[in-house]
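All values reported here derive from a predicted model rather than from experimental measurement.
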Amino acid sequence: MFRDTQSSWLSTLRHDVPASLVVFLVAVPLSLGIAMASGAPLVAGLIAAVVGGIVAGALGGSAVQVSGPAAGLSLVVVDLVQTYGWRATCMITLLAGAVQLVLGVFKAARAALAVSPAVIHGMLAAVGVIIALAQLHVVLGGGSQRSAVANLIELPGQIADLHGHKVAVGLITITVLALWTRLPKRVKAVPAPLAALVTAAVTAWIFDWDVTRVDLSDSVTEWAFPVLPQGDWHLVVAAVLLVALLAGCESLLCCVAIDGMHGGRRADLDQELTGQGVANMVTGALGGLPVAGVIVRSTANVQAGARTRGSAILHGVWVLVFALGFGWSIQLIPMEALAALLVFIGVQMVNLGHVKKVHGHGEVPVYVVTMAAVILLGLAEGVLAGLALAALLALRRLTWVTVLKREDRDGGLHVTISGSLTFLGVPRLTHELRAIPASAPVDLDLNIDFMDNAAFEAIHSWRLDHERMGGTVDIDELHDEWYALAASGVRMFPVKSPPVAPDRWWLPWAHRRRRPAIRSLPSNGESAQVECQLTAGAREYHRRTAPLVKPIFTELARKQQPSHLFITCADSRIVPSLITASGPGDLFTVRNIGNLVPRRGSEPHDDSVVAAIEYATQVLGVHTITVCGHSGCGAMAGVLSAGVQAGSLPGLRRWLRHGDHSLATFIETEGDRLHSGALDVLCRVNVQQQLENLRTYRKVDEQVRAGKLELVGLFFDIGTARVHLVPPLRSSTPLVKPTDRRVVAGED
């Protein structure tokens with residue numbers, strides 16, 4: 001235990017202390033700037049940074065997330081300060097923290113992730129625009145207006161009335177921020193916000209410019225207890241919930257994003273929300289800004305190599321030490337430099353990467369509406385507008401019906417209906433179905449996960465009308481049998497079906513979910529005649545697979561160029577393309593009972609396998625001949641029983657004589673004793689013997705010796721679905737036993 005404790009302290013000293021210093025240097029200027037944008041005392045930003053680091057860092061559920069005052073909340077805070085005053089705003093922050101604490105205790109954190117990211121990104125982009133427009137007036141030497149629209153209208157006049165020194169400080173700050181990322185790595189070790197503010201402050205001090213200095217007349221020790229807001233309690237409750245939910249959502253989304261940046265322990269979101277709630281109660285009581293997880297500080301923390309929450313806690317300690325011991329130095333910073341920092345941060349909050357992400361998911365309208373509504377109407381109104389639009393779009397996607405039509409070569413029509421069939425999609429569904437020509441044969445595929453009664457009635461009525469007019473309708477349900485169950489009168493519950501593994505082409509017919517195809521549902525209760533499985537399979541191939549593989553077969557129609565000759569057993573359980581992951585045109589395949597290759601000149605004489613070998617090696621130019629055996633081979637059982645198991649099958653007995661050399665090799669290796677695994681050992685020996693038989697053909701042997709042709713032995717263990725390599729007899733490698741676990745892909 002002592003060693004573990006010592007190792008933990010050493011890790012903290014090595015990784016977390018340097019990271020905490022980096023985050024501290026980032027946090028101080030950002031905290032001051034956000035306090036300024038929030039219309040709060042500047043010291044409130046430092047208090048929030050201290051509490052966010054120490055309290056949220058110690059109690060939160062993330063190892064590397066750093067909390068503090070967030071730019072995304074500044075728009076809410078400035079409105080609260082103007083409406084209720086600063087001390088009442090602190091009480092709202094305290095109450096919001098209590099709400100977060102309750103939500104965390106009741107495990108409600110995951111619900112915050114249900115908010116569309118497009119709404120969050122749109123809100124943050126709008127806040128960035130508002131902050132940038134407001135602080136741009138300060139950079140230009142004036143004062144910001146109450147709304148973004150007013151700031152935009154007043155901007156031309158503000159530009160016309162420039163204040164030289166103040167504008168110069170702002171330009172210096174923005175220039176340093178913009179160019180800092182292009183400097184050498186050693187220089188960039190100093191955070192860009194700190195470098196920009198120091199450069200601006202030093203320049204203004206050297207040239208004695210007329211700028212506005214930061215005022216810290218309210219020190220950390222001058223504290224007054226928060227007071228209850230005066231006004232309509234409904235609005236106060238709404239303000240508390242707004243701060244709680246916005247701060248909570250921002251923290252949790254930041255937490256999820258940071259989890260993807262490090263390889264340590266994943267965050268506990270409920271614990272994180274609880275920690276954020278306690279931190280907001282403390283910061284509200286001490287007169288600080290609301291606290292939330294901040295992506296900028298958290299990213300800096302991860303990139304600086306933080307491993308544990310010790311980095312976040314230490315960063316809060318450093319901020320506290322700085323505020324108490326070196327707070328006087330903050331008064332050297334020009335207000336215009338802080339405003340320029342906020343302008344730069346506001347512009348960066350309009351993240352084009354977020355726009356690309358939401359564009360890929362078709363949520364740009366949600367992003368744009370949220371952003372525009374927040375700028376024009378206000379934060380709460382904008383978020384509600386974005387959430388409403390996101391809900392409408394989600395409802396549209398859930399109820400959207402896709403109807404695809406394709407004419408078959410035989411004159412029929414193949415129609416595929418996809419989506420969730422509800423009453424909202426019935427008008428479009430009915431329009432598309434009624435456009436189908438009367439008396440046309442229709443193959444109707446229902447690829448749906450839900451069907452309500454209105455949708456069923458629409459399809460069923462159309463089918464009856466279409467068949468009455470002389471047409472035929474073959475309904476095939478690809479996902480679940482919603483239509484068939486409804487038509488049979490089975491009661492269905494109005495819930496969407498759970499995901500079901502789709503049918504795979506390689507599944508045996510007996511394992512497939514769909515019943516054999518039926519041309520139409522009987523109306524008199526009599527059983528309908530079921531199609532032959534092969535006929536139904538061919539029809540399914542034409543409906544689904546043929547359109548997908550047509551380009552491949554069109555190319556293969558000119559010429560075949562297989563690279564492998566594959567000799568395997570006729571056993572129905574062996575599917576060469578499945579166990580080799582090959583496709584059309586890859587394998588030139590020979591299948592016979594026992595995957596036997598008759599030796600040159602052997603009796604009884606058989607040219608079928610020899611013909612395939614000659615054609616593959618001398619005409620097609622294959623590079624590999626593979627012989628693949630399998631476990632439990634019936635042919636090898638017949639060889640092992642000296643033909644007894646072949647019974648009264650004379651043709652089979654004659655064919656199995658080609659396995660006599662395999663039996664001789666088996667006896668030479670294993671002796672005349674039989675054991676439980678003897679059959680599978682013979683199956684493997686048979687593969688090796690057939691590779692030897694291939695060498696009895698002069699052309700094959702010459703190509704093998706010249707390195708132009710490779711002979712490969714495979715053994716498919718049916719019980720485990722594993723493919724094993726089998727070495728040739730001429731190799732010095734010992735015989736592969738059933739316990740040998742080497743497979744084609746490597747060691748198990």
Side-chain angles (χ1 to χ4, degrees), residues 62 65 70-76 96 99-100 103-104 107-131 148 238 241-261 266-267 269-270 272-273 276 290 292-296 298-299 346 348-400 419-420 422 424-425 449-450 496 499:
S62 175
Q65 176 166 276
L73 296 172
S74 61
L75 194 61
V76 179
V99 172
Q100 289 179 324
L103 293 176
K107 309 293 183 183
R110 291 284 173 184
L113 301 181
V115 179
S116 171
V119 175
I120 301 298
H121 296 324
M123 178 200 75
L124 293 177
V127 171
V129 170
I130 294 171
I131 290 175
L241 294 177
L242 181 62
V243 173
L245 295 179
L246 286 180
C249 287
E250 187 169 350
S251 298
L252 296 176
L253 292 175
C254 174
C255 200
V256 173
I258 292 300
D259 265 355
M261 298 182 185
R266 302 297 91 178
L269 296 184
D270 292 308
E272 179 64 29
L273 186 57
Q276 294 290 333
V294 187
I295 191 67
V296 175
S298 302
T299 302
Q348 285 186 318
M349 291 175 70
V350 185
N351 193 322
L352 295 181
H354 293 159
V355 178
K356 292 180 180 179
K357 287 182 179 180
V358 298
H359 175 71
H361 295 278
E363 294 185 324
V364 171
V366 177
Y367 180 93
V368 173
V369 167
T370 304
M371 182 177 176
V374 170
I375 293 175
L376 298 175
L377 302 177
L379 188 65
E381 294 84 352
V383 171
L384 290 176
L387 290 174
L389 181 58
L392 289 175
L393 291 179
L395 181 62
R396 178 178 178 273
R397 293 190 190 101
L398 290 175
T399 58
W400 181 252
S420 297
T422 67
L424 295 174
D449 58 4
F450 179 77
K496 297 188 73 172

Can you give the donor-acceptor pairs under 3.5 Å from side chains of residues 116-128 to other protein atoms, not counting sequence neighbours?
unit_1 : atom_1 : unit_2 : atom_2 : d
S116   : OG     : A118   : N      : 3.2
H121   : ND1    : H354   : ND1    : 3.4

Give the C-alpha distance, both sets of side-chain angles, the deciding distance and a yes or no for side chain to side chain contact (heavy atoms under 4.5 Å, CB included) between L242 and V383.
CA-CA 10 Å; L242 181 62; V383 171; 5.8 Å; no
Search all heavy atoms of [X] against all heavy atoms of [Y] and return the closest pair with its distance.
X: A96; Y: V243; value: CB-CG1, 3.7 Å
X: E250; Y: G72; value: OE1-CA, 4.0 Å
X: C254; Y: S298; value: SG-OG, 3.9 Å
X: C255; Y: E272; value: SG-CG, 4.2 Å
X: I295; Y: I258; value: CD1-CD1, 3.8 Å
X: L389; Y: P365; value: CD2-O, 3.5 Å

To the nearest 0.5 Å, how far apart are [atom1] in [X] and [atom2] in [Y]?
X: L252; Y: Q65; atom1: CG; atom2: CD; result: 8.0 Å
X: L392; Y: L387; atom1: CG; atom2: CG; result: 11.0 Å
X: L395; Y: T422; atom1: CG; atom2: OG1; result: 8.0 Å

Check: D259 side chain, R266 main-chain N or O, donor-acceptor pair, under 3.5 Å:
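Checked: no pair found.
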Using atom types as modelled and distance alone, determine if a side-chain donor or acceptor of Q100 lies under 3.5 Å from a backbone N or O of A244.
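Side chain of Q100 to backbone of A244, a donor-acceptor pair under 3.5 Å: yes, one is there.
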Does R110, at its CZ atom, have more than 12 non-hydrogen atoms belonging to other residues, nucleotides or ligands within less than 6.0 Å?
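No, the 6.0 Å shell around CZ holds no more than 12 heavy atoms from other groups.
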Side chain to side chain contact (heavy atoms under 4.5 Å, CB included) with L379: which of I130, V374, L73?
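Going through I130, V374, L73 one by one, the side chain to side chain contact (heavy atoms under 4.5 Å, CB included) with L379 is satisfied by V374 alone.
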Pick from V364, V366, T370: which one makes a side chain to side chain contact (heavy atoms under 4.5 Å, CB included) with V368?
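With V368 as partner, V364, V366, T370 yield a single side chain to side chain contact (heavy atoms under 4.5 Å, CB included), made by V364.
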Side-chain heavy atoms of M371 within contact of Y367, under 4.5 Å
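Yes, close enough: below the 4.5 Å cut-off.
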